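Let me begin by presenting the structure, written as structure tokens, before commenting on it.
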Amino acid sequence: MTGQLTLSLPLGVSQRWRERRPSWVRRRDGGFDSRRYHVAPADWASAATFVRRHHYAGSLPSVTWSLGMFHDDELVGVAMLGCPTSDRVLTLPFPDLQPYEASIELSRFVLLDKIEANAETWLLGRVRAWLRAETGIRGVLAFSDPVPRIAHGVTTMPGHFGGIYQAGSAVYLGRATPRTLTVMPDGTVLNDRAKSKVRNRESGWRYVVGRLIDFGATPPAGDELRVWLPAALAQIGATSRRHGGVLRYAFPLDRHVRLGLPAQSPPRLIRTGRT
């Protein structure tokens, strides 16, 4: 895909997060001093709490590694790498790499709002350097979602087109498959994998059911969760929204990695907000 994406964002800014709400710092102000920070593996409990609290998705993917960005001992950013919902998500862009052994997804990336501008590309670079030094990973896939999410009239995620990935020399591979999203009352998405867990009582289904109950769904009375799930979603006011596909970026970690999809010109962002 080439073309333009129009998002109502301020000019010349870097996006930050706190309590799942976006904010921005001006890139022209600079101020980021990498000597004040370091990147290291973060323990699971700390990384999970941080991502649930601050990332707009409000949920955790399947995670293999969590890397933390630290200011002294304070965790101020997290990058999570792990398994997507299907092997094909990785084998399509990296056909010669074994999923999870040689290729992986960057599934969460979030920095606190107090971090100065221009820190993202530094953290991305440190993540890639750690993967090269400590693992057998040779290809990283990342997605950005250009479609804003709004809950109760409040923008919970204004949309992002992958500017930090482009700045980090990622290869743009076009949009992923269009799909229909199930949007919860708080603007988060209940993905197809989570719904499948409930229908089939797979590992993790109780957590998903608990979330729906927290939103106001009547607890299931019997064993037939396939019947209960659509009724629960209707009860809490979940909506269906067509999505044209997230934007797909690849980071080959060495020059011998072959891409299975053609590189495309990345989308250009037309910002309509004010500085």
Side-chain angles (χ1 to χ4, degrees), residues 7-61 63 65-82 106-131 140 142-146 148-170 186-188 249 251 269 271-275:
L7 301 176
S8 296
L9 298 178
L11 288 165
V13 295
S14 297
Q15 194 171 32
R16 293 290 181 269
W17 296 91
R18 184 175 291 273
E19 305 288 349
R20 296 175 53 208
R21 295 301 174 93
S23 61
W24 294 268
V25 291
R26 296 186 301 182
R27 288 195 290 270
R28 71 185 186 195
D29 292 339
F32 178 70
D33 183 353
S34 62
R35 295 172 297 180
R36 300 170 55 208
Y37 300 92
H38 68 279
V39 174
D43 69 86
W44 166 250
S46 298
T49 298
F50 187 94
V51 167
R52 283 197 179 105
R53 181 177 179 184
H54 298 298
H55 193 273
Y56 69 85
S59 62
L60 293 176
V63 177
W65 296 293
S66 296
L67 297 181
M69 178 174 170
F70 295 89
H71 178 248
D72 295 327
D73 292 330
E74 181 188 4
L75 184 63
V76 296
V78 168
M80 285 184 165
L81 301 116
L106 175 63
S107 49
R108 294 288 184 271
F109 189 89
V110 55
L111 279 69
L112 286 183
D113 55 6
K114 67 180 181 179
I115 306 304
E116 302 88 351
N118 302 318
E120 299 95 331
T121 50
W122 178 82
L123 178 54
L124 278 172
R126 299 308 301 160
V127 169
R128 299 200 302 272
W130 184 87
L131 289 170
V140 179
F143 295 101
S144 67
D145 189 343
R149 296 184 190 175
I150 300 172
H152 308 299
V154 176
T155 299
T156 61
M157 197 279 283
H160 62 105
F161 77 118
I164 61 171
Y165 303 144
Q166 293 181 26
S169 301
D186 64 348
T188 60
Y249 291 90
F251 291 94
L269 178 69
R271 295 182 184 269
T272 59
R274 297 179 179 178
T275 306

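Just so it is clear, the model here is predicted, and its values are computed rather than measured. Computation of the quantities below employed the complete heavy-atom set of this structure, encompassing side-chain atoms and omitting hydrogens, waters and symmetry-equivalent molecules. Residue numbers count from 1 along this sequence.
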(message) For T121 versus G168, what's the shortest heavy-atom pair and its separation?
(response) CG2-N, 4.2 Å
(message) In the structure I gave you, are the side-chain heavy atoms of V140 and V127 within less than 4.5 Å of one another anywhere?
(response) no
(request) Find the distance between CZ (R128) and CG (L123) and round it off to the nearest 0.5 Å. (result) 10.0 Å
(message) Which residues pass the side-chain contact (heavy atoms from CB on, under 4.5 Å) test with R35, not counting sequence neighbours?
(response) D33
(request) Write down the atom of P61, the atom of S107, and the distance for their closest heavy-atom approach. (result) CG-OG, 3.3 Å
(request) With sequence neighbours left out, write down each residue that passes side chain to side chain donor-acceptor pair (under 3.5 Å) with Y249, or none if nothing qualifies. (result) Q166
(request) Please round to the nearest 0.5 Å and tell me the distance separating atom NE2 of H55 and atom CE of M80. (result) 9.5 Å
(message) How close do A47 and A42 get, counting heavy atoms only, and between which atoms?
(response) CB-CB, 4.2 Å
(request) Please list, chain by chain and in numerical order, all residues satisfying ring-ring contact (aromatic ring centres under 6.0 Å, His included) with W44, sequence neighbours excluded. (result) none
(request) Search all heavy atoms of A40 against all heavy atoms of F70 and return the closest pair with its distance. (result) O-CE1, 3.7 Å
(request) Would you please classify the geometry between the W130 ring and the W65 ring as parallel, tilted or perpendicular, with 30° and 60° separating the classes? (result) perpendicular
(message) Distance check, rounded to the nearest 0.5 Å: L106 atom CG versus Y165 atom OH?
(response) 5.0 Å
(request) Could you tell me the separation between the CH2 atom of W122 and the OH atom of Y37, rounded to the nearest 0.5 Å? (result) 9.0 Å
(request) Check whether any side-chain heavy atom of P41 lies under 4.5 Å from a side-chain heavy atom of L67, and answer yes or no. (result) yes
(request) Evaluate the side-chain proximity of V51 to V63: yes if any heavy-atom separation is below 4.5 Å, no if none is. (result) no
(request) Measure across E116 and R36 and return the closest heavy-atom pair with its distance rounded to 0.1 Å. (result) OE2-NH1, 2.7 Å
(message) Going by side chain to side chain donor-acceptor pair (under 3.5 Å), name the residues that satisfy it together with S46, two or more places apart in sequence or in a different chain.
(response) D43
(message) D72: which residues meet the salt bridge (charged side-chain N to carboxylate O under 4.0 Å, His left out) condition with it, sequence neighbours left out?
(response) none
(request) Find the distance between CE (M69) and CG (L112) and round it off to the nearest 0.5 Å. (result) 9.5 Å
(request) Taking all non-hydrogen atoms of both residues into account, name the closest pair between E120 and L111 and its distance. (result) N-CD2, 4.4 Å
(message) Using the ring-ring contact (aromatic ring centres under 6.0 Å, His included) criterion, which residues pair with F50? Sequence neighbours excluded.
(response) H54
